[in-house]
Amino acid sequence: MAESADRERRVEWFDRVCHDVHRRLSGLDDGEPASYIPELARVDPDRFAIAAMTVDGESTAVGDQDHPFTIQSISKLLLYGRALETQGRDAVLRRAGVDPTGDPFNAIELDELQHRAPNPMVNSGAIAVTDMVEGTDLEERIDAVLTLFERYLGRRPDVDDAVCSSEYATGNRNRAIGYLLVDQGIVSDRIEETLDLYFMQCSILVTAADLAMIGATIANSGIHPTTGERVVGPQVARDMLTVALTCGMYDYAGEWAYTIGIPAKSGVGGGIVGMIPGVGGLAVYSPRLDEHGNSVRGIRVFEELSQEFDLHVFDSDRPWN
Ligand code: DON
């Protein structure tokens with residue numbers, strides 16, 4: 001009895017603080033939505049949501065928590081988990097290592113020594129991992145990716161066709177990365193099909209509440225908090241958390257790990273998902289981005305909540321355990 005009352009008080013406390021942080025940061029107008037993908041520049045820059053779900057399926061949210069936006073690079077983490085689950089660590093490590101680069105997400109670079117992409121969170125590694133989605137044609141491979149998302153979201157997601165076409169029309173940098181991977185024999189020669197699949201996965205529509213649920217699933221060693229389904233194995237969930245902590249925020253990853261200390265993944269659509277192992281998922285949506293391609297308000301929210309609730313993974317006495 002005392003324990004559940006205690007738990008309720010903590011959830012109320014978390015909820016109250018989220019509402020307070022949301023109110024205070026709603027006026028922060030630094031940063032601009034991404035524009036290198038023209039369709040992304042059309043979003044309302046002041047949309048803002050915070051959402052959370054515990055590993056027991058308790059959830060809270062404030063702001064535009066049900067407003068859909070494109071998942072962008074956060075999709076890379078789920079595809080990485082799938083590749084590990086379906087083809088194993090060695091096969092994935094042959095294509096993408098686990099080394100943070102300290103460079104921007106779309107750097108045209110490979111690990112020349114190991115002859116692979118540096119990690120699966122930068123575009124080169126992500127395209128190499130997406131190439132691992134099996135299927136006789138694009139349609140079958142798209143179906144495999146949408147089915148993966150259905151296991152995390154509990155529904156078949158929609159794709160933003162306008163963003164997908166905009167990404168296709170302006171995706172030459174990713175094509176350059178793709179052909180470098182072909183040239184180095186890291187991916188198969190069906191690279192145009194793989195790039196189409198990559199553009200599609202980045203254009204999948206989610207909400208902040210969805211991201212919190214995805215985060216809670218990974219933080220729960222791969223078991224979905226509400227459906228109870230095992231989406232990925234515990235070892236795979238651990239690898240996803242590790243790579244998210246070291247590489248998920250790109251050339252801001254070191255600073256993020258130091259000040260916030262939560263495994264996380266960002267996307268240029270304005271989403272950030274954080275995974276607190278054994279506790280839950282925390283997500284922010286705000287399309288105003290900084291020079292690293294990370295949500296400005298998103299970083300501030302994580303800074304404040306990590307501080308307030310001792311969410312840093314190396315914090316010894318988290319109030320949630
Ligand atoms: O490939 C791209 O450039 C985009 N579809 C995804 C990049 C992204 O989300 C970077 N994250 N902050």
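In each ligand, atom 1 is the first atom listed, and ligand 1 is the first ligand listed. The first residue of the sequence shown is numbered 1, and numbering continues consecutively from there.
- Considering backbone and side-chain N/O of Y250, one or more are found under 3.5 Å from N/O of ligand 1.
- Of all protein heavy atoms, the one closest to atom 12 (N) of ligand 1 is G293 O, 3.0 Å.
- Around atom CD of Q307, no more than 12 heavy atoms belonging to other residues, nucleotides or ligands sit under 6.0 Å away.
- Every atom of ligand 1 is numbered from 1 in the order shown, and the set under 4.0 Å from a heavy atom of N174 is 1 (O), 2 (C), 3 (O).
- S75 and Q201 share a donor-acceptor pair across their side chains, judged by distance under 3.5 Å alone.
- Y152 and E229 share no donor-acceptor pair across their side chains, judged by distance under 3.5 Å alone.
- Interface of E167 with ligand 1, defined as ligand atoms under 4.0 Å from a residue heavy atom, comprises 1 (O), 2 (C), 4 (C), 5 (N).
- For atom 8 (C) of ligand 1, the closest non-hydrogen atom on the protein side is S73 OG, 2.5 Å.
- The minimum heavy-atom distance between H292 and Y250, with the atom names listed, is O-CD1, 4.2 Å.
- Close contacts between ligand 1 and Y36 involve ligand atoms 2 (C), 3 (O), 4 (C), 6 (C), 7 (C) [criterion: under 4.0 Å to a heavy atom].
- Ligand 1 places these atoms under 4.0 Å from at least one heavy atom of C202: 5 (N).
- At least one heavy atom of Y198 sits less than 4.0 Å from an atom of ligand 1.
- In the model, T147 has a side-chain atom that pairs as donor or acceptor with a side-chain atom of R156 under 3.5 Å.
- A donor and an acceptor atom, one from each side chain of R141 and T194, are located under 3.5 Å apart.
- At a 4.0 Å heavy-atom cut-off, ligand 1 does not touch I74 at all.
- Listed by atom number, the atoms of ligand 1 under 4.0 Å from F105 heavy atoms are 3 (O), 7 (C), 10 (C).
- Of all atoms in ligand 1, listed by their number and element, those nearer than 4.0 Å to a heavy atom of Q72 are 4 (C), 5 (N), 6 (C), 9 (O).
- The side-chain heavy atoms of L205 and F69, taken from C-beta on, include no pair separated by under 4.5 Å.
- In the model, T242 has no side-chain atom that pairs as donor or acceptor with a side-chain atom of D239 under 3.5 Å.
- Against a heavy-atom cut-off of under 4.0 Å, N123 is close to the following atoms of ligand 1: 1 (O), 2 (C), 3 (O).
- When non-hydrogen atoms are compared, ligand 1 lies under 4.0 Å from neither the backbone nor the side chain of H292.
- Looking only at atom types and distance, the side chain of D160 has no donor-acceptor partner in the side chain of T70 under 3.5 Å away.
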